[in-house]
J.: 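Take this structure first; my questions come after.
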Amino acid sequence: MRLDTKHIGKFIKLKELDPIAEEVKDAHTMLEKGTGPGSDYLGWVHLPSATKKTDLSRIVDTASSIRDRSEAFIVIGIGGSYLGSRAGIEFLSPDYQRKSCRVYFAGNNLDPNYLHNLIDEIGDREISVNVISKSGTTTEPAVAFRILKSLMKKRYAPKELKKRIVFTTTKGKGALSSMSKKEGYPCFYIPENVGGRFSVLTAVGLLPMSVAEVDIKSLMKGAADMESACKSPDIKKNLPYRYAALRSLLYRNGKKIEIISSFHVGLFFVLEWFKQLFAESEGKDGKGLFPTTAVYSTDLHSIGQLIQEGERNIFETFLKIGKKEHDIKIPRTKDNVDNLNYLSGKGLDFINQMAYKGTAMAHADGNVPNMAITIDERSAYCLGELIYFLERAVGVSGYLLRINPFDQPGVEAYKKNMFRLLGKPV
């Protein structure tokens, strides 16, 4: 992985990095020794290296069984319970929609049209579901599961149903754990010291990705190698820490919004996971960068004007892929009516790269600092590296803000009002 900071230089002086480098070292110690806020939720820190091969093999074997008996695999979860797996699947297995077992996502909203259309599309295809929830009572997934289970009970005998419902939940706690014990549904367990948005490298993310034929062993190897690379607290040697330090300095210098953008459409849900990870970790105590996402060049034709000339409270982090996977050359035409013959023979990838370079230069000239995180290629290994890179960066970044990056008390506010309006018994 690489971190390109050439468009940051005029906004941050090198001498500013020295004092924050010491703060980063303190944050590193808090992560490693568990002495900072939220220390009960640091299970993700050494998760890649601590995950047993036997645990990965069980996930792979279960995924294979699901594919053998199912044409539709429905992942039921919200937030961190689905965003990571969806990011991995849509980035690494874009053709999963054409495979014999197609992956769907439910329980991430309360829109009746969404679930109705999903059920209608599945039709009479063979179904399996994976319900992901620590408590088992989170409204969105619990409602979706109740509806889908009712549908499945009409279709399958109890013995067959046990083969088609898998839970991912907290061991020995919550509604799903109780239901598993009572009705015999198989379970994968989420470590209690791993919060939802950090759980993509547990069965939460790994089982759905494995069903979509993502190489989860390679994914975990990438994450483990990045974990190893984070042993040093030195921001000159530790890329996630350098990124955390730079974004923290920009925030302190009045840049309150981070646009996480890419010129690769397949990274859309990776950006969405990125957004949740940072927003839910940092937005506390009246502090925190506001993360938003953009996919270019599409969004240059919508919010591009504001980025270029709007209020100067923005900085940008580009997410790039180093090696091209596919390319299409521009043909030459006799009439050249579209005036594009100057591009004939050039690949679309080359044009996309020039669009990125031109955008990064223009935004920097418009006083929008920007940097770029580059993964080497579209592979499970590189995605594993990126996932751990960002988890480590946000842990340090949260401690630089002097907040607890591992809780989310504000998420409960809307639920209290919703339950009151729905008349939920106290």
Side-chain angles (χ1 to χ4, degrees), residues 1-3 24-36 38-63 80-81 84-85 87-88 91-92 134 168 170-171 188-210 214-244 270 273-274 277 281 373 375-377 379-399 405-406:
M1 289 183 65
R2 299 185 298 281
L3 180 63
V24 168
K25 288 178 182 178
D26 292 340
H28 172 81
T29 299
M30 286 192 281
L31 286 178
E32 288 294 324
K33 296 187 176 180
T35 56
S39 58
D40 290 344
Y41 287 93
L42 293 178
W44 60 271
V45 173
H46 298 297
L47 182 65
S49 61
T51 300
K52 297 176 182 177
K53 291 182 180 179
T54 51
D55 292 337
L56 292 179
S57 295
R58 183 189 168 215
I59 291 171
V60 170
D61 291 344
T62 301
S81 295
S85 63
F91 178 52
L92 297 171
K134 277 194 166 186
T168 306
T170 306
K171 188 174 185 178
F188 287 92
Y189 297 112
I190 309 167
E192 289 194 59
N193 60 355
V194 177
R197 59 189 173 278
F198 290 87
S199 66
V200 61
L201 298 178
T202 71
V204 168
L206 298 179
L207 178 59
M209 283 193 273
S210 190
V214 170
D215 182 355
I216 62 168
K217 293 181 180 179
S218 181
L219 181 94
M220 292 299 285
K221 178 66 166 59
D225 286 351
M226 182 55 67
E227 177 193 330
S228 180
C230 288
K231 289 179 179 177
S232 171
D234 187 345
I235 62 173
K236 294 177 182 177
K237 300 176 181 177
N238 190 315
L239 283 185
Y241 289 3
R242 189 170 181 82
Y243 170 58
V270 175
W273 175 78
F274 192 138
L277 179 69
S281 296
I373 299 169
I375 61 173
D376 189 47
E377 62 185 1
S379 69
Y381 178 89
C382 289
L383 181 62
E385 281 189 308
L386 177 65
I387 287 169
Y388 193 82
F389 176 107
L390 294 172
E391 289 181 341
R392 197 78 184 206
V394 81
V396 167
S397 189
Y399 282 155
F406 308 115

J.: Taking side-chain contact (heavy atoms from CB on, under 4.5 Å) as the definition, give me every residue that meets it alongside I375, ordered by chain and number, with sequence neighbours left out.
T.: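 I375 satisfies side-chain contact (heavy atoms from CB on, under 4.5 Å) with M1, F91, I321, C382, L386 only.
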
J.: Where do G34 and S39 come nearest, in terms of heavy atoms and distance?
T.: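 That closest heavy-atom pairing would be O-CB, 3.2 Å.
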
J.: Return all side-chain donor-acceptor pairs below 3.5 angstrom for residues 220-230, not counting sequence neighbours, or 'none' if the list is empty.
T.:
residue	atom	partner	partner atom	Å
K221	NZ	D225	OD1	3.2
K221	NZ	D225	OD2	2.8
D225	OD2	Y381	OH	2.5
E227	OE1	S49	N	3.0
E227	OE1	S49	OG	3.2
E227	OE2	H46	ND1	3.0
E227	OE2	S49	OG	2.7

J.: Can you name the nearest heavy-atom pair linking A244 to A393, along with the distance?
T.: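 Taking every non-hydrogen atom into account, CB-O, 3.5 Å.
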
J.: What pairs with S232 under side-chain contact (heavy atoms from CB on, under 4.5 Å), at least two apart in sequence or on another chain?
T.: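 Listed in chain order: D234, K237.
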
J.: Working to the nearest 0.5 angstrom, can you tell me the gap between L219 CG and I387 CD1?
T.: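 It comes to 5.0 Å.
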
J.: By salt bridge (Lys or Arg N to Asp or Glu O under 4.0 Å), which residues pair with K25, not counting sequence neighbours?
T.: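 Listed in chain order: E22.
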
J.: Once you round to the nearest 0.5 Å, how far does OH of Y399 lie from OG1 of T29?
T.: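 Answer rounded to 0.5 Å: 11.0 Å.
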
J.: Going by heavy atoms in the side chains, are F188 and L206 under 4.5 Å from each other?
T.: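 Result no, sub-4.5 Å side-chain heavy-atom pair not found.
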
J.: Please list, chain by chain and in numerical order, all residues satisfying side chain to side chain donor-acceptor pair (under 3.5 Å) with T168, sequence neighbours excluded.
T.: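 Listed in chain order: N130.
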
J.: If every non-hydrogen atom of G80 is compared with every non-hydrogen atom of S199, which pair is closest and at what distance?
T.: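 That closest heavy-atom pairing would be O-OG, 3.6 Å.
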
J.: Check S281 against R197 and note the closest heavy-atom contact, atom names and distance.
T.: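 Heavy atoms only, the tightest pair is OG-NE, 2.8 Å.
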
J.: Please identify each residue that fulfils ring pair (Phe, Tyr, Trp, His ring centres under 6.0 Å) with F274, with sequence neighbours left out.
T.: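 Ring pair (Phe, Tyr, Trp, His ring centres under 6.0 Å) list for F274, sorted by chain: F278.
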
J.: The criterion is salt bridge (Lys or Arg N to Asp or Glu O under 4.0 Å); which residues satisfy it with D376, sequence neighbours excluded?
T.: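 Here the qualifying residues are K323.
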
J.: Over all heavy atoms of both residues, which pair between F406 and G395 is shortest? Give the atoms and the distance, please.
T.: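 Smallest interatomic distance, heavy atoms only, reads CZ-CA, 4.1 Å.
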
J.: Measuring only between side-chain heavy atoms, which start at C-beta, is R392 closer than 4.5 Å to W44?
T.: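 Yes - at least one pair of side-chain heavy atoms lies under 4.5 Å apart.
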
J.: With rounding to the nearest 0.5 Å, note down the distance linking NZ in K217 to OG in S57.
T.: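 Interatomic distance, K217 NZ to S57 OG, rounded to 0.5 Å: 3.5 Å.
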
J.: Quick one: which residue pairs count as a salt bridge (Lys or Arg N to Asp or Glu O under 4.0 Å) with a foot in residues 381-391, not counting sequence neighbours?
T.: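 Non-adjacent pairs meeting salt bridge (Lys or Arg N to Asp or Glu O under 4.0 Å): zero.
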
J.: Find the distance between CG (L383) and OG (S218) and round it off to the nearest 0.5 Å.
T.: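 Separation between the atoms: 10.0 Å.
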
J.: Report the residues that fulfil side-chain contact (heavy atoms from CB on, under 4.5 Å) with R2, sequence neighbours left out, ordered by chain and then residue number.
T.: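 Checked R2 against side-chain contact (heavy atoms from CB on, under 4.5 Å); matches are T374.
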
J.: Nearest 0.5 Å, what's the CG-CG distance between L207 and L56?
T.: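 Reported to 0.5 Å precision, the distance equals 11.5 Å.
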
J.: Minimum heavy-atom separation for V45 to P48, with atom names?
T.: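 The answer is O-CD, 4.4 Å.
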
J.: Mind checking what makes side chain to side chain donor-acceptor pair (under 3.5 Å) contact with S210, not counting sequence neighbours?
T.: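 In terms of side chain to side chain donor-acceptor pair (under 3.5 Å), with neighbours along the sequence ignored, S210 is linked to no residue.
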
J.: Please determine whether side chain to side chain contact (heavy atoms under 4.5 Å, CB included) holds for the pair M30 and L42, giving the CA-CA distance in whole Å, both sets of side-chain angles, and the decisive distance to 0.1 Å.
T.: CA-CA 10 Å; M30 286 192 281; L42 293 178; over 6 Å; no

J.: Does any part of the side chain of V194, heavy atoms only, come nearer than 4.5 Å to the side chain of L201, both counted from C-beta?
T.: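 No. Closest side-chain heavy atoms not under 4.5 Å.
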
J.: Quick one: side-chain contact (heavy atoms from CB on, under 4.5 Å) partners of Y189, sequence neighbours excluded?
T.: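 Listed in chain order: K171, C187.
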
J.: Measure the spacing between CD1 of I190 and OG1 of T202 and express it to the nearest 0.5 Å.
T.: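 That separation rounds to 6.0 Å.
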
J.: Quick one: are F198 and L277 in side-chain contact, heavy atoms under 4.5 Å?
T.: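 Touching, per the 4.5 Å side-chain cut-off.
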
J.: Mind checking salt bridge (Lys or Arg N to Asp or Glu O under 4.0 Å) for E192 and listing every partner two or more places apart, or none if nothing turns up?
T.: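 Per chain and number, E192 pairs via salt bridge (Lys or Arg N to Asp or Glu O under 4.0 Å) with K173.
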
